Enquirer: 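Submitted below is the structure of interest, expressed as structure tokens.
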2 protein chains.
Amino acid sequence: MDTTKTDRLKAAGWRTGDAADFLGLSPEEAAFVELKLALADYLRDVRVSHGWTQTHVARLLGSSQSRVAKMEAADSSVSIDLLVKALLTLGASREQVGRVIARAA
Amino acid sequence: MDTTKTDRLKAAGWRTGDAADFLGLSPEEAAFVELKLALADYLRDVRVSHGWTQTHVARLLGSSQSRVAKMEAADSSVSIDLLVKALLTLGASREQVGRVIARAA
DNA sequence: CGAATATATGTCAGATACGACATACTCGTC
DNA sequence: GACGAGTATGTCGTATCTGACATATATTCG
């Protein structure tokens with residue numbers, strides 16, 4: 001288990017509510033969060049590969065820089081809907097999004 | 001363009017707000033909605049292939065029959081988050097979800 | 001170092017999604 | 001046609017998400 005990933009999960013404010021242990025996520029919860037992290041990472045890749053700033057992307061999406069930062073951090077206040085809409089708006093295809101989710105980017 | 005699909009979009013209460021025309025969705029909006037329909041269809045497939053009722057699935061998900069019906073209808077009140085969480089809870093893998101989204105189910 | 005630019009974090013009011021309930025429809029079987 | 005089981009639709013109170021703003025923390029360059 002790669003420490004960086006665990007740190008990111010903790011940092012992103014995840015806590016599903018009841019299980020007492022340190023990040024005691026069920027397999028589905030873990031899969032969900034990792035799926036979200038994959039989309040967030042891909043969003044950053046898309047942005048950086050175009051040489052765009054978060055502020056520029058925010059304009060493209062009709063949102064704000066802070067929200068883009070949170071999207072890329074897979075913050076708990078960011079939905080998969082938002083990430084998918086953002087990626088599609090930035091020009092990613094449905095197929096690309098699917099591949100990212102399926103770990104087959 | 002297949003009539004059934006258009007009807008489903010209209011029925012699901014879609015209207016992105018401003019474009020005046022009959023379902024005048026931008027390409028991204030259309031891709032987003034179709035992606036959601038694909039997940040909804042897959043959810044129904046999973047349920048039916050197990051021989052489950054919506055009520056049973058609702059119990060498994062900690063939700064209600066009406067909400068499951070709306071999920072399967074890709075109603076505008078259901079998020080992709082909810083569909084993905086539901087599928088993962090019902091045993092679908094991240095890879096399967098990705099393939100459905102990528103139209104490669 | 002100090003300024004400029006980029007990114008991250010905290011908070012909040014308004015918007016949207018959530019489960020729940022009531023109720024309506026559909027389709028078998030009698 | 002009447003029943004029952006399954007599915008769909010409408011509405012509502014609450015919870016979560018969203019963009020915006022303020023502000024903090026990098027990072028780069030002189």
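Chain naming here is simple, since letters A, B, ... match the order of the sequence lines and numbering starts at 1 in each. Remember, predicted model here, so these are calculated numbers, not experimental data.
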Enquirer: In this structure, how many angstroms lie between the P atom of dT7(C) and the CZ atom of R44(A), rounded?
Expert: 8 Å
Enquirer: Distance-only check: which donor-acceptor pairs under 3.5 Å involve side-chain atoms of residues 97-105 of chain B, not counting sequence neighbours?
Expert:
residue, atom, partner, partner atom, Å
R103(B), NE, E95(A), OE2, 2.6
R103(B), NH2, E95(A), OE2, 3.1

Enquirer: Between protein and nucleotides 17-29 of chain C, map the contacts as a letter string: B base, S sugar-phosphate only, - none, heavy atoms under 4.0 Å, written 5' to 3'.
Expert: SBBBBB-------
Enquirer: Distance check, rounded to the nearest 0.5 Å: L43(B) atom CG versus E72(B) atom CD?
Expert: 5.0 Å
Enquirer: Looking at residues at least two apart in the chain, or sitting in another chain, which of them share a side chain to side chain donor-acceptor pair (under 3.5 Å) with H50(A)?
Expert: none
Enquirer: Output the distance between atom CG (L82(B)) and atom OG1 (T89(B)), rounded to the nearest 0.5 Å.
Expert: 9.5 Å
Enquirer: Could you check how far NE2 of H56(A) sits from C1' of dT7(C), rounded to whole Å?
Expert: 16 Å
Enquirer: Before you tell me yes or no, could you show the steps for Q54(B) and R47(B) under side-chain contact (heavy atoms from CB on, under 4.5 Å), namely the whole-Å CA-CA distance, both residues' side-chain angles and the distance that decides it to 0.1 Å?
Expert: CA-CA 8 Å; Q54(B) 292 182 343; R47(B) 175 177 68 81; 3.6 Å; yes
Enquirer: Return the angle between end axes of the helix from dC1(C)-dG30(D) to dC30(C)-dG1(D), with five pairs used per end and rounding to 10°.
Expert: 40°
Enquirer: What integer distance in Å separates R59(A):CZ from dG19(D):P?
Expert: 16 Å
Enquirer: Quick one: list whatever passes side chain to side chain donor-acceptor pair (under 3.5 Å) with S93(B), sequence neighbours left out.
Expert: Q96(B)
Enquirer: Between atom NZ of K85(A) and atom OG of S63(A), what is the distance when rounded to the nearest 0.5 Å?
Expert: 12.0 Å
Enquirer: For the pair K36(A) (side chain) and V78(A) (backbone), establish whether a donor and an acceptor sit closer than 3.5 Å, ignoring hydrogens and angles.
Expert: yes
Enquirer: Near DNA chain C, counting only heavy atoms under 4.0 Å, which residues of residues 46-55 of chain B show up?
Expert: none
Enquirer: First locate atom OG of S26(B), then atom CD of E29(B), and finally report the distance between them rounded to the nearest 0.5 Å.
Expert: 3.5 Å
Enquirer: Going by the side chain to side chain contact (heavy atoms under 4.5 Å, CB included) test, name the single residue among V57(B), L39(B), L61(B) that passes it with M71(B).
Expert: L61(B)
